[in-house]
Structure formats: structure tokens, C-alpha cells
Amino acid sequence: MAYRPSILPELDLILCLQRMFAMLAGRALRAFQQVLCFGWGTTSADTPYANDMMNSRLSLLLVLSLFFASCAVGRQSTNDPIDATALSQLEPGKTTAGQVVSLFGGPTEVVQLGRRTAYLYSASTTKSAALILLVFNMGNQDTRTDRLWVFFDENDVLSHYGASMGTHRTQYAMPYEDIHEASDNEARDVKRPGVVEAK
Amino acid sequence: MRVSLVFALCLSLLATSCVQFTYLGAYYDQPVEDAAFAGLVPGESSLQDCLDALGAPHVVQEYRVHGMSMAWGWTDEVGWGADVSYGFDESPLAASFSWDSVDRFVAGLVLFFDAELKLETVRRGSLADILPQRRPPASIEDIEKN
């Protein structure tokens, strides 16, 4: 079974960003050290080190702003989404396996069920989002799939079918967000041709 | 002075990334709602009733040669994680520790259908526990015999 969502695809990106921020943080520490030594209240006219001070403060602010704003997003897709508008052409008792293949292409999987057979058409989309603050990070991964199972009798004529369309519902989100809201799903369903009709 | 020290300590933690806390969410497809499942009755509901109520399954397998099992699975998990790493001075050695409470639990539902494609049995729980083992399809002899 491959139903174990993982954040591994995003790990390289996160590690890369962390290394970059760690390098910048080293510079920030030096800047911070200078600021501590010189004092926060000093103005540009007060000391001969004024320009260094200003540069140090700017570096520190720049790096700190990066800490608070860093984020990463990623998207992975497997197969093209299923054409939901073509579902209306499936007629149990009439449509043949050959016609189904003409409509949807080669299946992802074929299963033998005694004298019957079933074809699976599937696609998936994963959206990952991460907020990286180095010490505290947040990440979320949302995977949704399109699935169409078509069942054929021993004469290769369609007997049953079931479809679930989900790839368009995939969201970039944070872990504290509810990404299964019915109203949100409905709004996304309306935008994808054939999904509302197929329900 | 004390504030500066605390600030410097926090900043040093940021710089080395030696301690990290993570808040993680993992979602895989939509959970099957109880309401969708409630109308399905073993011995009465047909394959098409189940497909209409629950949508397309994730897995379909042969069951007792002419029957079939269908499985739906989903993950809806949020949890915390922590990473601690430390590099030893003048040594190539480094140590790290990772932990997270995201349970990678894949909840699921498996329906079994008899040769007439009527709903026979229902199982709910962890998909790893309730999903029948994958087996090679029945041979022609078995199909003829049954």
C-alpha cells in the first residue's frame, strides 16, 4: 500500500533553505555582536564607527526579516487528471472495454475478478507548504486523487462504474487549517467541468 | 544585559539550527463520512449502491474467485515533531535525534462482495489491519471449478 503521505519530496528544498539561512544567520550574529558592543542608542553622528553600525543594523534587520518570511511550496502530480466530462458517455450494459480505452486511454491497473475484469484510471496531485522559521517550522501536505473504476462482465461489456474526482480540491495550507470544508470543495467542484454533473 | 543574553541565546539557536520544532499536517484524500456509509446494508446493497454512496475505491481485489473486495483509505493527521542535532568539535562525528507524533495512520473501509456482487461484509479501521492480503488472481481451473 502506498497511502503514506510523506514530506520527503520537500525535504531537500527545506534543507537547502536552512543551510542558506544558517549562513546568513552567521553574518547576522556578527552584526548582532557589533550592535551589542556599540549599543543600540548610537546614531550615525555619534561615533567614528557610524557607517559600520548602520550596515550592521541593516544586515541584522534583513536577515531577521528573512527568518520571519521564509516559506516553501511544492507540487507533485501523477498522471493527467481524469476527464470528468467523458463519464457521461459510459453506459452500463452497452459500452465495451474497447470504447472505454478509446475514451480514457490505457488504464493504470487491470484487475482480474474471476470471469470479470476491472480497470482503474487514476491521477493524484500533492501540494505541500512549509513555513520555515528554523527553530519552529510548520508543514502540511495535501494529496488528493482522481479515481475511476470500470467493471466489465465476461464479454468485456461495462457492468458498473464508480468515479471520484479529487485532484482539483488539493490545497496549499497550514496544519491548523481545515481543508475538508464542504463549501470549499463545492466551490472547487463547480470550476472543474463535468464534476458536478457526474455526482 | 539579561535581555541581551536571552536574545543572543535565541539567535544562536536560529543560527545553528541545532533544535527544531515542527508542526506537521498530512492529508490523503477525503474521509468516508458515516452518513454516506450508513445506508449500506450487508445482504441487500448492490455493488452499484456502494459505488454511488462512496465513490470509487482505492483498491479492488478478487475475493473468493468470483467476488471482490473494495477498499477506501484516507489520512487526516496533525502532529508535532522535534529534531535535535549536535556536531562535536574537532571530530567528524555528529549526532541527531528526530521524533514526531504524526501517526501515519491510514484509516480505511473495506467492503466484501459475493459472487452476485451483493454486499457481504464490512470492515472499518486501520487499512493495514483490515485490507486482505494481495494474492495472485485465481487460475482458470479455479474459475471453472467455482
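Side-chain atoms are counted along with the backbone in the values below, which use heavy atoms only and exclude waters and symmetry mates. Chain naming here is simple, since letters A, B, ... match the order of the sequence lines and numbering starts at 1 in each.
Within a 6.0 Å sphere centred on CG of B:Leu93, other residues, nucleotides and ligands contribute more than 12 heavy atoms. Enclosure of atom CD in B:Glu33 is not indicated, since only 12 or fewer non-hydrogen atoms of other residues, nucleotides or ligands lie within 6.0 angstrom. When the shell of 6.0 Å around CG of A:Asp156 is examined, it contains more than 12 heavy atoms from other residues, nucleotides or ligands.
Nearest heavy atom pair, residue A:Gly162 against residue B:Ala56, reads O-CB, 3.3 Å. Scanning both residues, A:His180 and B:Asp29, for their nearest heavy atoms gives CE1-O, 3.6 Å. For the residue pair A:Val111 and B:Gln61, the shortest heavy atom distance occurs at CG1-CA, 4.5 Å. Nearest heavy-atom pair, B:His66 versus A:Arg116, reported as atom, atom and distance to 0.1 Å: O-NH1, 2.9 Å.
Listed options B:Asp76, B:Leu54, B:Asp142 were ranked by heavy-atom pairs under 4.5 angstrom with chain A; first place goes to B:Asp76. Per-residue heavy-atom pair counts under 4.5 Å with chain B were compared for A:Ile179, A:Leu120, A:Leu148, and the maximum is reached by A:Ile179. Your options are B:Ala82, B:Ala138, B:Ala71, and the one with the most heavy-atom pairs under 4.5 Å with chain A is B:Ala138.
No continuous path of ILVMFWY side-chain contacts below 4.5 Å connects B:Leu47 to A:Val157, so the two sit in separate hydrophobic clusters. In the hydrophobic clustering of this structure, B:Trp72 does not group with B:Val110; members are Ile, Leu, Val, Met, Phe, Trp, Tyr whose side-chain heavy atoms approach within less than 4.5 Å, directly or through other members. Taking hydrophobic clusters as Ile, Leu, Val, Met, Phe, Trp and Tyr residues chained together by side-chain heavy-atom distances below 4.5 Å, B:Val19 shares a cluster with B:Tyr23. At a threshold of 4.5 Å between side-chain heavy atoms, the hydrophobic network of Ile, Leu, Val, Met, Phe, Trp and Tyr places A:Ile82 and A:Phe152 in one connected group. Under a hydrophobic clustering in which Ile, Leu, Val, Met, Phe, Trp and Tyr are joined whenever their side-chain heavy atoms come within less than 4.5 Å, directly or via other members, A:Leu158 and A:Tyr121 fall into the same cluster.
When atom types are taken as modelled, the side chain of A:Trp149 and the backbone of B:Pro57 share a donor-acceptor pair closer than 3.5 angstrom. Side-chain atoms of A:Ser164 never come within 3.5 Å of backbone atoms of B:Gly55 as a donor-acceptor pair (strictly under, hydrogens ignored). Looking only at distances, a side-chain donor or acceptor of B:Glu62 sits under 3.5 Å from a matching main-chain atom of A:Gly114. Checking side-chain atoms of B:Gln48 against main-chain N and O of A:Tyr161 turns up a donor-acceptor pair under 3.5 Å.
Contacts between B:Val78 and chain A at a heavy-atom distance below 4.5 Å involve the side chain alone, from C-beta outward. Interface remark: B:Trp74 contributes no atoms to any contact with chain A (heavy atom separation under 4.5 Å). Of the two parts of B:Asp52, neither the backbone nor the side chain holds a non-hydrogen atom closer than 4.5 Å to a non-hydrogen atom of chain A. Within the 4.5 angstrom heavy-atom criterion, no atom of A:Asp146 approaches chain B. Contact annotation for B:Ala115: only backbone heavy atoms (N, CA, C, O) come within less than 4.5 Å of a heavy atom of chain A. Interface residue A:Glu177: only backbone heavy atoms are found under 4.5 Å from chain B.
The existence of a salt bridge linking A:Arg115 and B:Glu144 is confirmed by a sub-4.0 Å separation between a basic side-chain nitrogen and an acidic carboxylate oxygen.
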(request) Show your working on side-chain contact (heavy atoms from CB on, under 4.5 Å) between A:Asn185 and B:Gln30 and close with a plain yes or no. (result) CA-CA 10 Å; A:Asn185 288 338; B:Gln30 195 94 8; 3.3 Å; yes

(message) One pair to check against side-chain contact (heavy atoms from CB on, under 4.5 Å): A:Thr145 and B:His58. What are the steps and the verdict?
(response) CA-CA 9 Å; A:Thr145 58; B:His58 289 93; 3.9 Å; yes

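To the nearest 0.5 Å, the span separating OH on B:Tyr27 from NZ on A:Lys127 amounts to 15.5 Å. Expressed to the nearest 0.5 Å, how far OH of B:Tyr63 lies from CG of A:Leu113 amounts to 13.5 Å.
Proximity of B:Leu51 to A:Phe151: side-chain heavy atoms (C-beta onward) are separated by under 4.5 Å at one or more points. Contact annotation: the side chain of B:Leu24 never approaches that of A:Met138 to less than 4.5 Å [non-hydrogen atoms, C-beta and beyond]. Residues B:Ile143 and A:Gln112 form a side-chain contact, since some pair of their non-hydrogen atoms from C-beta on lies under 4.5 Å apart.
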